[in-house]
Amino acid sequence: QDLFEEERGETLTRTKRMITRTALSTIIAFCSGIRHIQGYANFNQQNRMIRTALKMSSTKSTDISSWTDLKSDSESTPVGKSLVAEVELRSTGKGSAHVQNKLRQFKSEEEPVITLFRDHAGWCPYCQKTMLLVEEKEIPIKIDLVPMRSYGDKPREFLAKVPNGLLPAIEVNGQVITESQVIMELLDKWHPTSDGYKAMLPDEKDTKGWAKYDSLARLERELFSSWCNLVFRPEGGAIGGLISNPFQKDKNISGSMKGFLDCIGKVDKELKSTKGPWFFDEQDYPTMIDFVYVSHVERMLASVAFWKGLNLRDPKWKFDGLNAWLEAFEKRESYLAFKSDYFTHVMDIPPQYGPGYDGGFEEDRIKFAKKITGRDGSWSLPLDFDDPLQPLYKGPPLPVVVLESMGIQPDSNGSYESADPTAMENACQYMAAWKLAGNGANISRFAARGGPKGSSNSRKSFGAPLADPYADPDKEIQPVVDSVLRIVCKCLMSPDEKDKLENDLVGAISDEGIDGVKSSLEYLRDRVGVPRDLPLASARYLRAYLNWAIDVISK
């Protein structure tokens, strides 16, 4: 029995040394004698252990750090120390914005009287714009995280208060209010400038300002409609001689593409008409109309690149006002906290809006779709410093406390484009390792849903194709997946040990287990959500190291 040890009372660890089948045969013969001497029950106990050893002897053994040790190691890095302190601070309602925050106190010491119900994964654009307003005005508020219908069941307690299940919603003194625009206007009204809060709307007496606001609000609805017409309906034929693709000047574009680009052009013109990056010059910060736009513009950028081959951020389109506005948002840490990546968006958009239709500029569409999903090798090590399709360093790519812990400072313009690539890479990897180590056992169980016998239980299905909250793990493959993820976590913290850790990976898996581990790692990789799990700069390293493990064991 002393050849084995139990780890946290759950599973037997790998044997401490390789046991040959010859030695096991000797043990089996010895145990046959034990059967007559010690009795049948004792023999069964011994035989169960031998069967476990036989099964494990077909898998090469290796010493792998426990999750407890990995968690301790990750928390001892500069990044880990800063994140542990930040989590503690955020639990009090202070600290930085975060998609999983459940309390925001800011400068207030009193318990908030308003509770905001918003989505758990950071998918909902209407919840996003509401939270951006809360953060900019610094409104004390309690937050209750609720799944969207597309990826989970809403709690009964929530449905008792909001029978139609709409998000976002607020509760004030027992009264529940829905609709994001109504909520945002009420939050602004209840927290006036006279109490020290930022203004989000024009002054009541500013008729010119209100006329502009109403005009911009109508333009936003026009933009939304043209986006839906382009992405969520089959694209019509080309219109000759109207607008040409600047990348392929001999090819004209469809009517729906022209309508969308014309509307984006109007938005760009409005932004260029102001002295600063925002829609209104009166303030040096974003106001309500900026938030109304940005949550859907963010989704437009992802969807038109993926389904239409249209990169609106490319300078060749000459949307300078739009890009300056986007970059101004990206310099704000509060926006990073709720900003998603293109992959997460193209996965979460269809269950909310309907399927997207391929069309537009075919060559670029194929190229962008492969890049967004990592099928072009862009999710494999070594990663490029930046991503030309969705720039990472126009503002802080990670929480500021993480960057500061690694001595990474912004450029004079607030960007991080000149940051030391090695320091930035280490910061991104340390953050991914900290996230993985902090919940390693549960993440292993989650990943094992992708094994051959995982997700086979009957369960309720949801609109999001990657959502299966009631799925069971493959319990046979789970211990091996756990070992592999511990090696991945170690490699994120110690990339210089990659060669040794590659050998550990090979040693952790038997030949017959390779396919199940691969499918489990792919299952986890495709469900790393931004911003729910990590900001993109760090999430892409977690995805890449999972791909590294997949490649190693595949060979």
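Reckoned from all heavy atoms, side chains included, excluding hydrogens, waters and symmetry mates. Everything quoted here is computed from the prediction, not taken from an experiment.
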[X] atom [atom1]: more than 12 heavy-atom contacts under 6.0 Å:
X: Arg156; atom1: CZ; result: no
X: Lys71; atom1: NZ; result: no
X: Lys102; atom1: NZ; result: no
X: Glu179; atom1: CD; result: no

Quiz prompt | ring-ring contact (aromatic ring centres under 6.0 Å, His included) assessment of Phe446 paired with Tyr523 | solution = CA-CA 9 Å; Phe446 176 84; Tyr523 182 96; 5.4 Å; yes

Quiz item: Step by step, would you call Ser256 with Phe260 a side chain to side chain contact (heavy atoms under 4.5 Å, CB included)?
Solution: CA-CA 6 Å; Ser256 57; Phe260 176 73; over 6 Å; no

Between the side chains of [Y] and [X], is the shortest nitrogen-to-carboxylate-oxygen separation below 4.0 Å, so that they form an ion pair?
X: Arg104; Y: Glu135; result: yes
X: Lys81; Y: Glu75; result: no
X: Arg332; Y: Glu136; result: yes
X: Lys435; Y: Asp533; result: no
X: Arg449; Y: Asp468; result: yes
X: Asp262; Y: Lys258; result: yes

Quiz item: Any cation-pi pair here, Lys94 with Phe106, using under 6.0 Å and within 45°?
Solution: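 Checked: cation-pi criterion not met.
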
Quiz item: Is it true that the NZ or CZ of Lys308 lies under 6.0 Å from the centre of Phe361's six-membered ring and within 45 degrees of the ring axis?
Solution: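 No, Lys308 does not lie over the aromatic ring of Phe361.
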
Quiz prompt | Step-by-step side-chain hydrogen bond (donor to acceptor under 3.5 Å, both in side chains) determination, Ser96 to Glu86 | solution = CA-CA 8 Å; Ser96 60; Glu86 184 66 14; 2.7 Å; yes

Distance, nearest 0.5 Å, that separates [atom1] of [X] from [atom2] of [Y]:
X: Cys263; Y: Glu222; atom1: SG; atom2: CD; result: 4.0 Å
X: Leu132; Y: Lys339; atom1: CG; atom2: NZ; result: 12.0 Å
X: Phe338; Y: Thr130; atom1: CZ; atom2: OG1; result: 10.5 Å
X: Gln100; Y: Arg532; atom1: CD; atom2: CZ; result: 8.0 Å
X: Ile289; Y: Thr287; atom1: CD1; atom2: OG1; result: 7.5 Å
X: Met300; Y: Leu312; atom1: CE; atom2: CG; result: 9.5 Å

Can any side-chain N or O of [X] pair as donor or acceptor with the backbone N or O of [Y] at less than 3.5 Å?
X: Lys137; Y: His191; result: yes
X: Gln105; Y: Glu110; result: yes
X: Arg118; Y: Val99; result: yes
X: Ser215; Y: Lys212; result: no
X: Asp411; Y: Gly414; result: no
X: Asp119; Y: Cys127; result: no
X: Asp314; Y: Trp317; result: no
X: Ser226; Y: Leu223; result: yes
X: Arg365; Y: Asp358; result: no
X: Ser538; Y: Cys428; result: yes

May I ask you to decide if the ring planes of [X] and [Y] are parallel, tilted or perpendicular, using 30° and 60° as cut-offs?
X: Trp379; Y: Phe343; value: perpendicular
X: Phe279; Y: Tyr293; value: tilted
X: Tyr353; Y: Trp227; value: perpendicular
X: Trp325; Y: Phe329; value: perpendicular

Indicate yes or no: at least one non-hydrogen side-chain atom of [X] is less than 4.5 angstrom from one of [Y].
X: Tyr416; Y: Leu403; answer: yes
X: Leu116; Y: Leu187; answer: no
X: Pro399; Y: Pro535; answer: yes
X: Tyr470; Y: Phe462; answer: yes
X: Met288; Y: Glu185; answer: yes
X: Pro397; Y: Leu536; answer: no
X: Asp203; Y: Glu282; answer: no
X: Phe368; Y: Asn311; answer: yes

[Y] and [X] side chains, donor-acceptor separation under 3.5 Å:
X: Gln352; Y: Arg149; value: no
X: Asp290; Y: Tyr285; value: no
X: Tyr393; Y: Glu330; value: no
X: Asp341; Y: Thr344; value: yes
X: Glu404; Y: Ser82; value: no
X: Asn442; Y: Asn439; value: yes
X: Glu298; Y: Gln128; value: yes
X: Thr115; Y: Glu171; value: no

Would you check if the distance from the ring center of [X] to the ring center of [Y] is below 6.0 Å?
X: Phe158; Y: Phe117; answer: yes
X: Trp123; Y: Tyr151; answer: yes
X: Phe291; Y: His296; answer: no

Shortest non-hydrogen contact from [X] to [Y]?
X: Leu485; Y: Ala447; answer: CD1-CB, 4.3 Å
X: Pro495; Y: Gln429; answer: CG-NE2, 3.5 Å
X: Leu492; Y: Leu436; answer: CD1-CD2, 4.4 Å
X: Ala337; Y: Pro531; answer: O-CB, 3.5 Å
X: Asn413; Y: Lys331; answer: O-CE, 2.6 Å

Quiz item: Partners of Lys272 by salt bridge (charged side-chain N to carboxylate O under 4.0 Å, His left out), sequence neighbours excluded?
Solution: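 Testing Lys272 for salt bridge (charged side-chain N to carboxylate O under 4.0 Å, His left out), a comparison that skips the adjacent residues, returns Asp268.
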
